[in-house]
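Only a predicted model underlies this, so the values are computations on that prediction, with no experimental measurement involved. Counting starts at 1 for both ligands and their atoms, in listed order.
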Amino acid sequence: MTGYPVGVGVGRASFSKGARFRQLGCARSASREARPTVLNSLAIIIGTAWLLVATTTFADTHYVDINSTNPIAPYTSWESSTTSIQDAVDIAENGDTVLIGDGTYNVTSQIEIRTGLTVRSVNGCDKTIVDANGNCRVFRIIITKTDRTGPVVVEGFTMTGGDAIVKSNAIGGGITVRGSAPIKIADCIVEANDARWGGGIYFEVGTGEHVSAVVENCIIRNNRAKNSGGGVNVALREKATSEITIQNCNIYSNSAEVDGGGVCVFVNDKYPENKVINCTIVWNRALNYGGAKNIDIYNSIIYGNSTPDIGGEQKKLRVFNSCSPSIDRSHTGNVGKKPRFVNAKRGDYRLQPDSPCIDAGSNIHTNQATDLDGNPRIMDGDRDGDAVVDMGAYEFQITNVEIDIKPGSKSKSINLKAGGLLPVAILTTGTFDASTVDPASVRFAEAAPERRVLQDVDADGDVDLLLQFQRRRLKLGKGSTKALLTGETKDGRPFIGGDAVTVLPPR
Ligand SMILES: [Ca+2]
Ligand SMILES: [Ca+2]
Ligand SMILES: [Ca+2]
Ligand SMILES: [Ca+2]
């Protein structure tokens, strides 16, 4: 099988010599905000004036541009932007946004966020790098009960080179979070950071405190913990509670010298509500629990970590619809087979077309409309007419094609006793070229085509593929109201199409 799922860009995962390597197209990198033109600026000014009249609570945006030559506080335009992320964060007030332009921001002290802010990049984590170069931790979010403010969002960065061992309390090399307000960390690469606990990310839940957080669409890799939680660590003090969800993340090649190479939670007597959903947690190392410790796991792949992959002392550890050799398969939907990645050696953990993880998750456990690549989720990856979420961070991609049964005929009824050939066309559309189809791979109601011809079936000026199937070979019953056509393009991209049918007479 040579098929690659749609969305695997050539050279997407790239290696360079040395300890670090970057995935060129990271989690999400779509441009979110164009720099304003003069006209746009005018519109913004007018809009701003209107809003100031309309409401007294107006959220500002503070701009950071590494090449700025004219920083003027409070940095509310690109023209007056600061070169320092910390300066913009410090001047921003609750509810404001700090927007950061492309570049590598080398920091010598941690960026500390103490207010409810959105701190995000314009063009995503492969264009916006915050590098501590081993000097300090990269980010710290600290919203305590006394200075409680609105939610904090950190979005679209590569955070790297963080070292929490050198200067601070040795927790969370990439980012440390202590928040009485909701926290979201999204679309980030957290890589090559060091700490004693939580090499990449550390959640600190103080005595009696509660932390509610989401980590989503992140790649967390090559982080190291001298003690526990190579990728992510959660520590709950006495009477503390937490609801931390880690979803659509790829957590790989992290290490811890004691517990939890990928993810580690230190539980207390309170039952924590921490979850891993649709994550791929692979090739992490620890003395105990290479993959994850003390966290519930749904729709995920925990594979190739040092053994045991999963476990801990948390009572009633829930692991559902997941793939791992070391999990309890008496729980619902778990499989122990190899996940069959596209190219694990090169860090490509997307699924091959014959992966047992395709359509093997449970739709109940996910609310995500896209996967880590930003591709649509949920797809009918096994082409049986039922779209089910996959296990892991990447949804196997299928192209939907338009088909026409008995083209030119208003009737969509199929008389199975009539014998002879049934024509079915695969139409060329703006998103699909029917001439790229490998006809030998096509099945319609499980039958292979007898004849094929390229012609403009619907007379719209482009060439479609007209196939003919033996009626008697079609697997359709009296209850069939829909017939499926599946196949692959010549370069191995799977597709599916369906059309309503009436079957006459019933078998
Ligand atoms: Ca699927
Ligand atoms: Ca399916
Ligand atoms: Ca067409
Ligand atoms: Ca056509």
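Looking at S411 and S413, their side chains do bring a donor and an acceptor atom within 3.5 Å of each other. Counting only N and O atoms by type, the side chains of N248 and E216 include no donor and acceptor under 3.5 Å apart. No side-chain donor from either of D131 and T104 sits under 3.5 Å from a side-chain acceptor of the other.
Sorted by first then second residue, the salt bridge (Lys or Arg N to Asp or Glu O under 4.0 Å) pairs that include residues 434-451, not counting sequence neighbours, are E450-R473.
Here the protein contributes D359 OD1, M379 O, V388 O, D390 OD1, E395 OE2 as N, O or S atoms under 3.0 Å from the Ca ion (ligand 1). Protein contacts to the Ca ion (ligand 3) involving N, O or S atoms at a distance below 3.0 Å are T428 O, D460 OD2, D462 OD1, D462 OD2.
Shown here are the ring pair (Phe, Tyr, Trp, His ring centres under 6.0 Å) partners of F469, two or more places apart in sequence or in another chain: F444.
For the Ca ion (ligand 2), the nearest N, O or S atom contributed by D384 is named OD1. Here the N, O or S atom of D386 that is nearest to the Ca ion (ligand 2) is O.
Using a distance-only test at 3.5 Å, with no hydrogens or angles considered, no donor-acceptor pair links the side chain of D456 to the main chain of V463. Judged purely by atom type and a 3.5 angstrom limit, S322 has no side-chain atom pairing as donor or acceptor with the backbone of N334. Between the side chain of T160 and the backbone N or O of E191 there is at least one donor-acceptor pair closer than 3.5 Å. Judged by distance alone, the side chain of D373 and the main-chain N or O of D371 form no donor-acceptor pair under 3.5 Å.
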Please assess Y252 against Y349 for the test ring pair (Phe, Tyr, Trp, His ring centres under 6.0 Å), listing each intermediate value before the final yes or no.
CA-CA 10 Å; Y252 66 94; Y349 301 114; 5.0 Å; yes

